[in-house]
Amino acid sequence: QVQLVESGGGLVQAGASLRLSCAASGQILSTGTMGWFRQAPGKDREFVAAITWSRGRTNYADSVKGRFTISSDNAKNTVYLQMNSLTPEDTAVYYCVVDQSYRGGFFSNLPLTYNYWGQGTQVTVSS
């Protein structure tokens, strides 16, 4: 069983930066992937970024490429999301997720793929 606790959300102005953290309790398997989704009011949950636990390979949604960076500290069982050049369109609840299955290098952007979800942290970007 894995529990995820996100932190680092808040209210910022457009152009600012935030760093989200997600601490996992329980074992993240070497086959696993950790990542982030987000959900804005009235919209579906949207894939943001993911990183493989063993090799640190990353994948990003087109909407955040070049602005967001996902990283991990395996010793601390923690994944981070550095968000730069934030815009009001980035306003959402951000969820940390874990997929423990081996995907052969394939990154899924489907919410149902991910076994574990955190409670979410609110990010609000004002214009």
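Index from 1, following the sequence.
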If you compare all heavy atoms of [X] against all heavy atoms of [Y], which two are closest, and at what distance to 0.1 Å?
{"X": "Ala14", "Y": "Pro88", "result": "CB-CD, 4.2 Å"}
{"X": "Cys96", "Y": "Glu6", "result": "N-OE2, 2.8 Å"}
{"X": "Met83", "Y": "Tyr94", "result": "SD-CE2, 3.9 Å"}
{"X": "Tyr60", "Y": "Ile70", "result": "OH-N, 2.9 Å"}
{"X": "Val125", "Y": "Thr87", "result": "CB-O, 3.3 Å"}
{"X": "Val2", "Y": "Ala24", "result": "CG1-CB, 4.2 Å"}

Is [X] reaching over with its side chain to a backbone N or O of [Y], donor-acceptor style, under 3.5 angstrom?
{"X": "Asn77", "Y": "Ile28", "result": "no"}
{"X": "Arg67", "Y": "Ser85", "result": "yes"}
{"X": "Gln100", "Y": "Leu29", "result": "yes"}

Inset, instruction - Would you please test Val64 and Arg38 for side-chain contact (heavy atoms from CB on, under 4.5 Å) and show each step? - result: CA-CA 12 Å; Val64 306; Arg38 65 186 182 186; 4.0 Å; yes

Inset, instruction - Measure from the ring center of Phe37 to the ring center of Tyr95 and say whether it is less than 6.0 Å. - result: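 No, too far apart.
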
Legend entry - Flag for Arg19-Tyr80: side-chain donor and acceptor within less than 3.5 Å: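 On atom types as modelled, these side chains do not qualify, holding no pair under 3.5 Å.
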
Inset, instruction - Report the C-alpha separation of Leu20 and Val123 in whole Å, then their side-chain angles, then the decisive distance to 0.1 Å, and conclude whether the side-chain contact (heavy atoms from CB on, under 4.5 Å) test is met. - result: CA-CA 9 Å; Leu20 304 183; Val123 172; 4.0 Å; yes

Legend entry - Steps toward side-chain hydrogen bond (donor to acceptor under 3.5 Å, both in side chains) verdict (Asn84, Ser17): CA-CA 4 Å; Asn84 298 329; Ser17 298; 2.9 Å; yes

Legend entry - Inter- and intrachain pairs under side-chain hydrogen bond (donor to acceptor under 3.5 Å, both in side chains), touching residues 110-127, at least two apart: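 Checked against side-chain hydrogen bond (donor to acceptor under 3.5 Å, both in side chains) - neighbours excluded - the pairs reaching residues 110-127 are Ser108-Thr113, Gln122-Thr124.
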
Inset, instruction - Run the numbers on Val98 and Thr33 for side-chain contact (heavy atoms from CB on, under 4.5 Å), then give the verdict. - result: CA-CA 6 Å; Val98 168; Thr33 299; over 6 Å; no

